Protein chains: 2
Amino acid sequence: MQKKIVSELNPNVSVDCVIFGFDLEKLNVLVIDRGENQLAENVRLALPGNLIYNNENLEQAAYRVLEELTSLKDIYLEQIGAFGDPNRICKEADRAWLQSIRAEPEARVITVAFFSLVKMEDYMPHAASFAKNAAWIPANEITDLAFDHYDILQAARNKLKEKIKIQPIGFNLLPEKFTLSQLHKLYESILDKELDKRNFRRKVQKLDILTQLNEKQEGVPHKPSELYKFNEEKYQEITQNGYDNFGF
Amino acid sequence: MQKKIVSELNPNVSVDCVIFGFDLEKLNVLVIDRGENQLAENVRLALPGNLIYNNENLEQAAYRVLEELTSLKDIYLEQIGAFGDPNRICKEADRAWLQSIRAEPEARVITVAFFSLVKMEDYMPHAASFAKNAAWIPANEITDLAFDHYDILQAARNKLKEKIKIQPIGFNLLPEKFTLSQLHKLYESILDKELDKRNFRRKVQKLDILTQLNEKQEGVPHKPSELYKFNEEKYQEITQNGYDNFGF
DNA sequence: GGTCTGTGTGTCATTTTTACACTTTCAAAT
DNA sequence: ATTTGAAAGTGTAAAAATGACACACAGACC
């Protein structure tokens, strides 16, 4: 009696997405609100995620789920890893919630987590499906989330920390035009430590992957900053010749 | 109609293990032979792996499966990630093989891969269960494996490369007492590039995590080398004070 | 005693890192 | 018009890390 593989939900495997945004001040994370009013906020909030279909790969599933829940699409996702503790679904509120949305709410689920970096301005989330709301929350203000999502978030932050030491992915979080101070703040937010301003600027300039736009910030109540943009071509050129030290 | 979670195999989730060993010359990988004589060797070989039980976490499952198939136990496993392409089971030989060992051979399976480093001398594998044989194979001689195991192996090697630049995990691959040349060769095998001998030795010595044993190699047809051992206490001490630059 | 083979060692030039403080420019308030 | 506040922008010197490079030594074996 062998089951044919069809496009049906797999009750045992889900995907979750940690989407980072940067509001030019601090790191934010996209969370959905499950909207059960009687619950405290921290247990209502969850990472966008859901079960996968049997005919899609993990990354596709993550894209789909993310778009279904938050309307975000066309963003690059990178895998963090699998989270599969048998009692990752132990909180009562989580169990109750699953009862309301899953066909097999008691099934053992392992989840594969992904993360991404987006420009917050480009991706204003709109909640849909079982997400009653979708919103950016400052990463440092999150103290708990549904299921094991808080652990996943921490793993994502660590992964991001490691990755940004090697690749200049931070630019994905910034608007097209940005100042060196904004970039500086971004690195400090991600690495969670202070970086000397002059040393940081020297290092960035040595990388030689920024184009100075000869435009200045406007409307700021202080000396306006030069604007820069990320130079993708230059970056390709450099990395193709085997350079990979973008460390901070 | 809700299913009770019991200790049964989950048909949709498996674990696979990439176990690295070092024979003082080159990097080896532990593979099992599925032993179907009519098949070419490269498709007979696979990473040790199998479905998980619903009541165990992913790491426990990996330990259990590894021990069941190869008799190796008590080793530290680190997750590589999840591999879940819907057609990762596309080769005819693999499908046929699954028919013979699985209750639901056509089920969609996503696998979570782990890797580990062991001292080859301590872990002479003995095949069991559906593994007809378990053996160390030089990593560079492997050109193909069952399922997507070759991809998993490559991912493991990359992970190892990244990790060894940050943590001195290489010592797990060496015998208790080892020479600097052996350590040197190990790093060259993993990083897949030559390292200058004197610079390498200088760097290791600056790390200050080796204890010189004041013993020499015996029975070698050349000047015998000094023997060293890894100094765990020193390492703890250093890392606890927030030092993390073990890069090569 | 000679040969073979891997061991073990030092220096110098260059690059990278770290620590550190003051002047400039604009907007807003007076 | 002047002052004030707030972030932008800039240089240097000392210390540390890196990279390139060549030859004498010790033991095994013949």
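What's counted below: heavy atoms across the whole structure, side chains too, no hydrogens, waters or symmetry copies. Nothing here was measured: the structure is a model prediction, and the numbers come from that model. We name chains A, B, ... by the order of the sequence lines, and we start the count at 1 in each one.
- One N or O on the side chain of A/Asp196 and one on the backbone of A/Asn199 form a donor-acceptor pair closer than 3.5 Å.
- Going from atom NZ of A/Lys206 over to atom C1' of C/dT16 covers 6 Å, rounded to whole Å.
- Summarising the geometry, the separation between NE2 on B/His184 and P on C/dG8 is reported as 13 Å, rounded to the nearest angstrom.
- Between the CD atom of A/Glu226 and the C1' atom of C/dT24 there is a distance of 13 Å, rounded to whole Å.
- Salt bridge status for B/Glu78 with B/Lys159: absent, with no side-chain N to carboxylate O gap under 4.0 Å.
- Between the NZ atom of B/Lys216 and the P atom of D/dA28 there is a distance of 12 Å, given to the nearest Å.
- At a threshold of 4.0 Å, the pair A/Lys132-A/Asp33 does not count as salt-bridged, since none of the basic side-chain nitrogens sits closer than that to a carboxylate oxygen.
- The side chain of B/Arg202 has D/dA20 as its nearest neighbour among D/dA28, D/dA20, C/dT7.
- Considering only side-chain N and O atoms, A/Ser181 lies nowhere under 4.0 angstrom from the phosphate OP1 or OP2 of D/dA7.
- Distance B/Gln217 CD to D/dA26 P: 16 Å, rounded to the nearest Å.
- Rounded to whole Å, the distance from CG on B/Leu195 to C1' on C/dG8 is 17 Å.
- Below the 3.5 angstrom threshold, one finds no donor paired with an acceptor across the side chain of A/Arg201 and the base of D/dG11.
- Counting only heavy atoms from C-beta on, B/Pro224 has its side chain closest to D/dA26 among D/dA26, D/dA6, D/dG9.
- Judged by distance alone with a 3.5 Å cut-off, a donor-acceptor contact links the side chain of A/Arg198 to the base of C/dA21.
- A salt bridge is absent between A/Lys193 and A/Glu188; no separation between the charged side-chain nitrogens and carboxylate oxygens falls under 4.0 Å.
- Neither OP1 nor OP2 of C/dG6 sits under 4.0 Å from any side-chain N or O of B/Ser225.
- Residue-to-nucleotide contacts include no donor-acceptor pair under 3.5 Å from the side chain of A/Lys223 to the base of D/dG9.
- For the pair A/Lys216 and A/Glu226, the salt-bridge criterion is met [side-chain N within less than 4.0 Å of a carboxylate O].
- Along DNA chain D, the nucleotide closest to A/Lys197 and the one closest to A/His222 are compared, and the more 5′ of them pairs with A/His222.
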